[in-house]
Amino acid sequence: MKKIEISLTDEQYATIKNEIERCSKLNMEETVMTGSSFTVRDAFAGFSWMEFEMHKKIDLGDVNWKFVE
C-alpha cells in the first residue's frame with residue numbers, strides 16, 4: 001500500500017484535533033453525523049497548503065507533503 005505523508009506544525013495538529021473534538025461533541029448533542037475532509041492544495045512544487053472541514057472550513061496554512069514508498 002502506498003502512502004502520502006503530510007507534515008504539520010504542532011499548532012496545525014492542535015487545531016485539527018480540537019476542531020474534531022468540538023464538532024464530534026456537537027454532533028452527539030444534536031444527534032447528527034457530519035463527515036470531515038482534508039484538502040491539500042498545491043499551486044506549484046514547494047507551495048502547498050491544507051484546509052480542514054467538518055462543520056466549517058479552516059485554512060491550516062502551509063504544509064509539506066510527499067509520496068512515501
So do [Y] and [X] actually touch side chain to side chain, heavy atoms under 4.5 Å?
X     : Y     : result
Ile6  : Val40 : yes
Ile4  : Trp65 : yes
Ser24 : Met54 : yes
Glu30 : Leu26 : yes
Asn27 : Met33 : no
Ile58 : Glu53 : no
Ser36 : Phe52 : yes

Practice prompt. Please assess Asp59 against Trp49 for the test side-chain contact (heavy atoms from CB on, under 4.5 Å), listing each intermediate value before the final yes or no.
Written response: CA-CA 8 Å; Asp59 182 0; Trp49 65 96; 4.1 Å; yes
Fill in: Derivation of the side-chain contact (heavy atoms from CB on, under 4.5 Å) call for Thr34 and His55
CA-CA 7 Å; Thr34 59; His55 282 230; 3.5 Å; yes
Worksheet item: Should Val63 and Phe67 be counted in the same cluster of Ile, Leu, Val, Met, Phe, Trp and Tyr side chains packed under 4.5 Å apart?
Response: yes
Worksheet item: Under the side-chain contact (heavy atoms from CB on, under 4.5 Å) criterion, do Met50 and Phe38 qualify, and how do the steps go?
Response: CA-CA 7 Å; Met50 190 165 110; Phe38 294 91; 3.5 Å; yes
Discussion item. For Asp10, is the CG atom crowded, meaning more than 12 foreign heavy atoms sit under 6.0 Å from it?
Written reply: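 Count not over threshold, so no.
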Discussion item. Does Glu11, at its CD atom, have more than 12 non-hydrogen atoms belonging to other residues, nucleotides or ligands within less than 6.0 Å?
Written reply: no
Worksheet item: Under the 3.5 angstrom rule, does the side chain of Gln12 hit a backbone N or O of Asp62 as a donor-acceptor pair?
Response: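 Between the backbone of Asp62 and the side chain of Gln12 there is a qualifying donor-acceptor contact (under 3.5 Å).
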Practice prompt. Would you please test Ile16 and Leu60 for side-chain contact (heavy atoms from CB on, under 4.5 Å) and show each step?
Written response: CA-CA 8 Å; Ile16 293 169; Leu60 295 165; 3.5 Å; yes
